[in-house]
Amino acid sequence: EVVVSWRPSTEFSGNLYRGEGILPASPRDVWECIKPVAGGLRTKWDQNVKDFEVIEALTDTISVSRTTTPSTFMRIISPREFVDVVVMKQYEDGTMLSAATHVEHPLCPPRPNFVRGFNYPCGCLCIPVPGEPDRTQLLTFFQTDLGGYLPQTVVDSFFPSSISGFYSNLTKAVKTLKA
């Protein structure tokens with residue numbers, strides 16, 4: 001189960017979306033499925049991520065990445081690419097964080113056949129559930145400008161169902177990982 005809520009973003013003219021749910025897996029397994037690394041599992045289960053590449057690794061926890069997405073929403077939304085600076089962090093309580101925001105990078109100019117989108121500050125938090133090592137609270141925050149000429153009504157109807165699908169597909173992915 002996932003709860004999706006939103007409010008107007010203070011960063012751009014769209015919305016900040018928040019997803020929250022409990023997944024039936026350890027924080028480590030959930031993190032393994034969502035961590036933003038080249039060759040990671042996310043491209044295998046997340047229908048909104050076609051490719052993920054690290055453009056430049058600044059440290060072992062900070063990188064510049066490019067994420068590409070397939071066309072979606074009955075092809076109304078054409079393929080997108082996003083270039084972000086990504087930070088990963090693990091906290092003492094076992095919480096794992098991935099946070100990102102858009103950035104320009106000389107090694108990553110816009111490519112033909114993709115619309116350049118922009119992620120404003122966003123991220124995922126894998127939070128241990130006290131006393132339940134095989135359950136994880138996952139908080140997600142998205143505030144994405146998809147770019148191009150999409151009516152805001154299309155974006156507003158796409159994101160809540162997309163976030164719900166993200167949680168559903170992630171739940172299936174962690175079950176497969178544990179099997």
Side-chain angles (χ1 to χ4, degrees), residues 6 9-21 23 25-72 77-128 136-148 155 159 162-163 165-167 169-170 173-174 177:
W6 59 92
S9 172
T10 59
E11 302 286 329
F12 77 115
S13 62
N15 290 317
L16 165 63
Y17 293 90
R18 179 181 191 265
E20 181 177 3
L23 287 109
S26 70
R28 182 72 46 205
D29 286 347
V30 173
W31 180 250
E32 191 62 33
C33 289
I34 67 169
K35 68 182 175 182
V37 295
L41 296 175
R42 186 123 178 223
T43 59
K44 293 175 178 37
W45 64 265
D46 189 341
Q47 63 193 17
N48 290 317
V49 176
K50 185 174 184 180
D51 192 33
F52 179 88
E53 62 183 304
V54 173
I55 302 301
E56 182 178 1
L58 304 171
T59 71
D60 61 340
T61 60
I62 302 172
S63 63
V64 175
S65 69
R66 175 177 22 221
T67 306
T68 57
T69 66
S71 64
T72 187
I77 300 175
S78 58
R80 295 315 203 239
E81 67 174 357
F82 301 88
V83 178
D84 299 301
V85 61
V86 180
V87 177
M88 295 181 286
K89 182 171 178 152
Q90 182 165 353
Y91 294 90
E92 289 180 17
D93 70 350
T95 296
M96 287 166 267
L97 163 75
S98 156
T101 192
H102 72 276
V103 66
E104 297 289 328
H105 196 281
L107 297 177
C108 206
R111 294 186 298 182
N113 302 321
F114 288 92
V115 174
R116 178 64 58 98
F118 300 94
N119 285 318
Y120 289 86
C122 57
C124 299
L125 288 143
C126 295
I127 304 165
T136 302
Q137 178 186 11
L138 181 65
L139 286 177
T140 56
F141 297 92
F142 300 98
Q143 46 183 350
T144 301
D145 178 352
L146 292 175
V155 175
F159 264 102
S162 175
I163 294 168
F166 172 89
Y167 278 79
N169 291 333
L170 176 55
V174 294
L177 186 67

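Scope of the values below: all heavy atoms of this structure, side chains included, with no hydrogens, waters or symmetry mates. This chain uses plain numbering: 1 for the first residue, then up along the sequence.
- By the 4.5 Å heavy-atom criterion applied to side chains, Arg42 and Pro36 are not counted as neighbours.
- The shortest distance between side-chain heavy atoms of Ser98 and Trp31 falls below 4.5 Å.
- Rounding to the nearest 0.5 Å places CD of Glu81 at 9.0 Å from CD of Glu53.
- Here the SG atom belonging to Cys124 is positioned 8.5 Å from the CG atom belonging to Leu97, to the nearest 0.5 angstrom.
- Residues satisfying the salt bridge (Lys or Arg N to Asp or Glu O under 4.0 Å) test with Arg28, not counting sequence neighbours, are none.
- Residues satisfying the ring-ring contact (aromatic ring centres under 6.0 Å, His included) criterion with Trp6, sequence neighbours excluded, are Tyr17.
- Listed by chain and residue number, nothing satisfies the salt bridge (Lys or Arg N to Asp or Glu O under 4.0 Å) test with Glu56 (two or more places apart in sequence, or in another chain).
- Tyr120 is linked by a ring-ring contact (aromatic ring centres under 6.0 Å, His included) to Phe12, His102, counting only residues two or more places apart in sequence or in another chain.
- Annotation: the span from Ser162 atom OG to Asn48 atom CG amounts to 4.0 Å, rounded to 0.5 Å.
- The two residues Glu20 and Tyr167 come nearest to each other via the heavy atoms N-OH, 3.4 Å.
- When the salt bridge (Lys or Arg N to Asp or Glu O under 4.0 Å) test is applied to Asp84, no partner is found at least two apart in sequence or on another chain.
- The nearest pair of heavy atoms linking Trp45 to Cys33 is NE1-O, 2.8 Å.
- Dense packing is recorded around CG of Asp93, with more than 12 heavy atoms of other residues, nucleotides or ligands lying under 6.0 Å away.
- In terms of the salt bridge (Lys or Arg N to Asp or Glu O under 4.0 Å) criterion, residue partners of Lys35 (sequence neighbours excluded) are, by chain and number, Glu32.
- Of the possible polar contacts, none joining the Thr136 side chain to the Leu23 backbone as a donor-acceptor pair under 3.5 Å is found.
- Minimum heavy-atom separation, Thr43 to Phe52: CG2-N, 3.9 Å.
- In terms of modelled atom types and a separation under 3.5 Å, the side chain of Arg116 and the main chain of Val83 share no donor-acceptor contact.
- Contact check for Phe118 versus Glu11: no side-chain heavy atoms found under the 4.5 Å cut-off.
- From Phe114, atom CZ reaches atom OG1 of Thr69 across 7.5 Å, with rounding to the nearest 0.5 Å.
- Heavy-atom minimum distance, Pro70 versus Gln47: CG-O, 3.4 Å.
- Minimum interatomic distance between Ile34 and Cys126 (heavy atoms only, all atoms of both residues): CD1-SG, 3.5 Å.
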Problem - Intermediate values then yes/no, side-chain contact (heavy atoms from CB on, under 4.5 Å), Val37 and Val54 - result: CA-CA 7 Å; Val37 295; Val54 173; 5.8 Å; no
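- When all heavy atoms of Leu146 and Val115 are compared, the closest pair comes out as O-CG1, 3.7 Å.
- Thr59 places a side-chain N or O within donor-acceptor distance of the main-chain N or O of Thr61, the cut-off being under 3.5 Å.
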Practice task
Apply side-chain contact (heavy atoms from CB on, under 4.5 Å) to the pair Ile163 and Phe142, showing each step before the final yes or no.
Solution key: CA-CA 9 Å; Ile163 294 168; Phe142 300 98; 3.8 Å; yes
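- One distance of note links NZ of Lys44 with CG of Asn169; it measures 15.0 Å at 0.5 Å rounding.
- Taken to the nearest 0.5 Å, the OG1 atom of Thr68 stands 12.5 Å off from the CZ atom of Arg80.
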